[in-house]
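All ligand and atom numbering here is 1-based and tracks the order in the structure.
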Amino acid sequence: MTNYNELQECIIKGNRIKARELTQECLDNGNPAKEILDEGLIPGMAVVGKKFQDGEYFIPEMLVSARALNIGLGILKPLLEASDVKPVAKVLVGTVKGDIHDIGKNLVAIMLRGSGFEIIDAGVDVSPEKFVQMAKESGADILGLSALLTTTMTAMKDTVDAFQADGSRDKIKIMIGGAPVTTDYAEKIGADGYAPNAAIAVEMAKTLVGGSR
Ligand code: B1M
């Protein structure tokens, strides 16, 4: 029986050496990659967020924890992505303007790739204009926007509006996600869908490109 508490503790303490060792150990013990992610890495990060909120952690602590989580994620990535499904659609993903949080966005990208979607990653702090330009250049079917801050989620609306203004809104489906985002907000800004986590993002993307894929 794997002790996920210990792995969570590595993320909370930002111990990346131990995070690497334990993630690998969990895999060697036969634990599924998705379970290690959902029960070890992500809950650890949730505690970090709580500590930050409570004034117990500051930016440096959050950064070392994020680095530890990324190391674990890097080990799980090939397994989460393993898929023999042919690309079903192109998804352009990115974190909106003013926002540099990328762990959730990367996770969504990994899960989509693992489900047969082709991913174009625009990175973080992406302006609405850049999204419009990249969508055109790549011929993406779906745009996936991520925002982690209440102050940056408004850039999602700006991005939807930029596609409207450009006249290309009807050529792309837009889905949004991230901690402060809700279904109501997606409806309000004219996005096509909202997903609360990476697994549901995959379902949403499938629905947006036609359901049966
Ligand atoms: Co920041 N941060 N941070 N941070 N940070 C939060 C988000 C915060 C909630 C912490 C807190 O107060 N408890 C808070 C936001 C408050 C708010 O606005 N409501 C906050 C703040 C305030 C800030 C700064 C402003 C702090 C400051 O400078 N004073 C600053 C902003 C910088 C900026 O972006 N301009 C800042 C900076 C940082 C770091 C750089 C230190 C670091 C980011 C490192 C990185 O990403 N490379 C960081 C971190 C690590 C966090 C927390 C602790 C963890 C975020 C994370 O990676 N979670 C976070 C607190 C928390 O969330 N517990 C916090 C794990 C990840 C897997 O989850 O990103 O939610 P998440 O993604 C999920 C879902 O949301 C969803 O699926 C993912 C997987 O299930 N999802 C999508 C995400 N995108 C999606 C897109 C989709 C669909 C689903 O479709 C396209």
Could you give the distance from [atom1] ([X]) to [atom2] ([Y]), rounded to the nearest 0.5 Å?
X	Y	atom1	atom2	value
Asn31	Glu25	CG	CD	9.5 Å
Lys51	Ile12	NZ	CD1	6.5 Å
Asp158	Glu129	CG	CD	8.5 Å
Gln164	Asp170	CD	CG	8.5 Å
Leu37	Leu7	CG	CG	10.0 Å
Thr152	Lys97	OG1	NZ	12.0 Å

Heavy atom of the protein closest to [atom] (residue, atom name, distance):
atom	answer
atom 32 (C) of ligand 1	Ile100 CG1, 3.7 Å
atom 85 (C) of ligand 1	Gly177 C, 3.5 Å
atom 44 (C) of ligand 1	Ala66 CB, 4.0 Å
atom 35 (N) of ligand 1	Gly98 O, 2.9 Å
atom 39 (C) of ligand 1	Leu63 CD2, 4.4 Å
atom 19 (N) of ligand 1	Thr150 CG2, 3.7 Å
atom 45 (C) of ligand 1	Asp102 OD1, 3.4 Å

Is Ile176 in contact with ligand 1, taking contact as a heavy-atom separation below 4.0 Å? yes
May I ask whether Thr151 has any heavy atom positioned less than 4.0 angstrom from an atom of ligand 1? no
State whether [X] and [Y] are salt-bridged, where the test is any N-O pair (Lys NZ or Arg NE/NH1/NH2 against Asp/Glu carboxylate O) under 4.0 Å.
X	Y	answer
Asp192	Arg169	yes
Glu6	Lys18	yes
Lys188	Asp184	no

At less than 4.0 angstrom from any non-hydrogen atom of [X], what atoms of ligand 1 do you find?
X	value
Asn197	76 (C), 77 (O), 80 (O)
Ala195	88 (C), 89 (C)
Leu107	67 (C), 79 (C)
Gly144	91 (C)
Gly178	75 (O), 81 (N), 82 (C), 83 (C), 84 (N), 85 (C)
Ala198	77 (O), 79 (C), 80 (O)

Is any heavy atom of the protein nearer than 4.0 Å to atom 9 (C) of ligand 1? no
Can you find a protein heavy atom closer to atom 83 (C) of ligand 1 than 4.0 Å? yes
If we ignore hydrogens and angles and just use 3.5 Å, is the side chain of [X] paired with the main-chain N or O of [Y] as donor and acceptor?
X	Y	value
Thr95	His101	yes
Tyr194	Tyr185	no
Asp125	Gly98	yes
Asp99	Leu148	yes
Ser127	Lys130	yes

Report the part of Val108 (side chain from C-beta onward, or backbone N, CA, C, O) that has a heavy atom under 4.0 Å from ligand 1; answer both or neither where that applies. side chain
Please work out whether any backbone atom (N, CA, C, O) or any side-chain heavy atom from C-beta onward of Ile200 is under 4.0 Å from ligand 1, and answer side chain, backbone, both or neither. neither
Check side-chain contact (heavy atoms from CB on, under 4.5 Å) between Val91 and all other residues, then give those that pass, not counting sequence neighbours. Val93, Leu112, Phe117, Ile119, Ile142
Ignoring waters, protein N/O/S atoms under 2.8 Å from atom 1 (Co) of ligand 1 are His101 NE2
Nearest option to atom 66 (C) of ligand 1, as decided by whichever heavy atom of Ala179, Pro196, Pro60, Gly104 sits closest: Gly104
Shortest heavy-atom approach to atom 50 (C) of ligand 1 - which of Met175, Gln53, Lys51, Met45: Met45
Could you go step by step and tell me if Val160 and Ile176 meet the side chain to side chain contact (heavy atoms under 4.5 Å, CB included) rule? CA-CA 10 Å; Val160 175; Ile176 64 172; 5.8 Å; no
